[in-house]
2 protein chains.
Amino acid sequence: MSLLTIGKLAEATGVKVPTIRYYESVGLLPEPPRTDSNRRLYDQETVRRLRFIRHAREMGFETDAIRDLLRMAAQPDRSCRQADGIARAHLTAIDDKIARLTALRDEIEHMLADCPQDHIYSCKVIEVLADHSHCLHAEH
Amino acid sequence: MSLLTIGKLAEATGVKVPTIRYYESVGLLPEPPRTDSNRRLYDQETVRRLRFIRHAREMGFETDAIRDLLRMAAQPDRSCRQADGIARAHLTAIDDKIARLTALRDEIEHMLADCPQDHIYSCKVIEVLADHSHCLHAEH
DNA sequence: GCTAAAAGCTCCAGTCACTAGAGGATCAAG
DNA sequence: CTTGATCCTCTAGTGACTGGAGCTTTTAGC
């Protein structure tokens with residue numbers, strides 16, 4: 001019960017087998033011991049570590065940030081200022097994305113609302129794309 | 001004045017030179033005529049086409065959608081139902097993204113608000129990542 | 001006319017976080 | 001004992017570019 005094959009680890013964590021091997025290759029997971037026939041064997045600590053990685057990925061943290069967070073998680077007595085900093089930076093990045101997507105959303109909705117839904121020559125969607133002066137969004 | 005080198009086209013449209021060559025390689029731009037010394041020469045029609053592509057990319061349309069939109073733009077007498085359909089599908093996709101990001105945003109904000117900002121062992125950010133039962137977001 | 005910088009060319013590799021497939025070995029169940 | 005599931009490694013593909021090497025050609029200044 002304590003040692004798992006890669007397939008069982010995948011089952012236990014919801015992370016696909018090739019993704020686990022990928023995480024090993026980029027150093028998010030350590031190289032595990034192998035059986036005589038060269039198969040990977042994982043312990044419960046790896047289950048926890050992989051779950052941590054999965055949750056962080058679900059929240060959109062990048063590989064580098066996750067590497068940092070894992071390092072911090074292993075040092076309980078240190079300050080959590082850095083960990084919070086990573087989360088705060090991520091929050092800001094998400095806010096930026098939401099702002100950009102919301103502006104985009106409104107612009108596309110306007111195009112559609114203004115379109116008489118007739119022929120291409122009067123199609124607002126095509127018109128806005130063809131002529132930047134017709135659209136609202138900022139350059140960058 | 002009417003024929004442009006790739007550099008001038010880049011200047012006129014705000015699209016980088018390598019990106020223009022990339023668009024040619026994926027069929028968004030036609031292969032242009034060349035000078036005797038093998039340099040690309042572009043006409044004003046290509047300037048318009050490339051601006052169209054840039055605006056569409058800025059709005060987040062994918063290459064395939066842009067290809068379709070360009071084809072439609074060239075057929076003014078056809079119905080614009082398809083063009084509007086592409087835009088509407090894109091709008092829906094953006095709304096989904098915004099919804100997901102907003103949920104994420106709130107979750108990360110909660111983690112940060114709940115964190116006593118002390119040591120790692122009491123850090124909410126690390127705790128939530130380490131244990132899924134502490135967090136709000138849905139599986140998928 | 002000469003030289004040096006700028007711009008052009010092709011081709012290849014890298015980005016991010018996986019995902020998929022080939023081709024082969026090994027294991028578990030019936 | 002066979003069949004199908006699982007495992008292994010290695011390579012390549014995804015989207016939409018971006019950057020670099022190593023080359024030729026053009027352009028500007030003197």
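Lettering follows sequence order; numbering is per chain, from 1.
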Take nucleotides 25-30 of chain C nucleotide by nucleotide from the 5' end and write B, S or -, depending on whether a protein heavy atom sits under 4.0 Å from the base, only from the sugar-phosphate, or from neither. BBS---
Intermediate values then yes/no, side-chain contact (heavy atoms from CB on, under 4.5 Å), A:His90 and B:Ile108: CA-CA 8 Å; A:His90 190 43; B:Ile108 293 171; 3.4 Å; yes
Going by the rule salt bridge (charged side-chain N to carboxylate O under 4.0 Å, His left out), which residues pair with A:Arg49 if we only count those two or more places apart in sequence or in a different chain?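 Partners of A:Arg49 by the salt bridge (charged side-chain N to carboxylate O under 4.0 Å, His left out) criterion come out as none, since no residue qualifies.
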By salt bridge (charged side-chain N to carboxylate O under 4.0 Å, His left out), which residues pair with A:Arg78, not counting sequence neighbours? none
Rounded to the nearest angstrom, tell me the gap between atom [atom1] in [X] and atom [atom2] in [N].
| X | N | atom1 | atom2 | result |
| --- | --- | --- | --- | --- |
| B:Leu41 | C:dC9 | CG | C1' | 14 Å |
| A:Arg21 | D:dC8 | CZ | C1' | 7 Å |
| B:Arg34 | D:dT26 | CZ | C1' | 16 Å |
| A:Lys8 | D:dC7 | NZ | C1' | 13 Å |
| B:Glu11 | C:dG8 | CD | C1' | 15 Å |
| B:Arg54 | D:dA16 | CZ | C1' | 16 Å |
| B:Ile20 | D:dA16 | CD1 | P | 18 Å |
| B:Leu4 | C:dA7 | CG | C1' | 15 Å |

Nearest heavy-atom contact between A:Met72 and B:Ile120 is O-CG2, 3.4 Å
Taking the side chain as every heavy atom from C-beta outward, state whether B:Thr102 and A:Ile98 have any pair of such atoms under 4.5 Å apart.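 SC-SC contact between B:Thr102 and A:Ile98 confirmed.
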Give the table of side-chain donor-acceptor pairs shorter than 3.5 Å for residues 61-68 of chain A, with sequence neighbours excluded, one pair per line with atom names and distance.
| residue | atom | partner | partner atom | Å |
| --- | --- | --- | --- | --- |
| A:Asp64 | OD1 | A:Arg67 | NH2 | 3.2 |
| A:Arg67 | NH1 | A:Val26 | O | 2.5 |
| A:Asp68 | OD1 | A:Arg71 | NH2 | 2.5 |

Within 6.0 angstrom of A:Gln82 CD, more than 12 heavy atoms from elsewhere: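 No, CD of A:Gln82 has 12 or fewer neighbouring heavy atoms, counting only those of other groups under 6.0 Å.
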Reckon B:Arg40 touches a base, only the sugar-phosphate, or nothing at all at heavy-atom distances under 4.0 Å? sugar-phosphate
Pairs under 3.5 angstrom, nitrogen or oxygen only, protein versus nucleotides 17-19 of chain C, please.
| residue | atom | partner | partner atom | Å |
| --- | --- | --- | --- | --- |
| C:dA17 | OP1 | A:Thr63 | N | 3.4 |
| C:dA17 | OP2 | A:Thr63 | OG1 | 2.7 |
| C:dC18 | OP2 | A:Tyr23 | OH | 2.8 |
| C:dC18 | OP2 | A:Arg57 | NE | 2.8 |
| C:dT19 | OP2 | A:Thr19 | OG1 | 3.0 |

List the steps, then state whether salt bridge (charged side-chain N to carboxylate O under 4.0 Å, His left out) holds for A:Arg21 with A:Glu24. CA-CA 5 Å; A:Arg21 287 194 278 248; A:Glu24 181 183 325; over 6 Å; no
Any pair with a residue in residues 81-99 of chain A that passes salt bridge (Lys or Arg N to Asp or Glu O under 4.0 Å), sequence neighbours left out, goes on the list, sorted by first then second residue, please. A:Asp95-B:Arg105
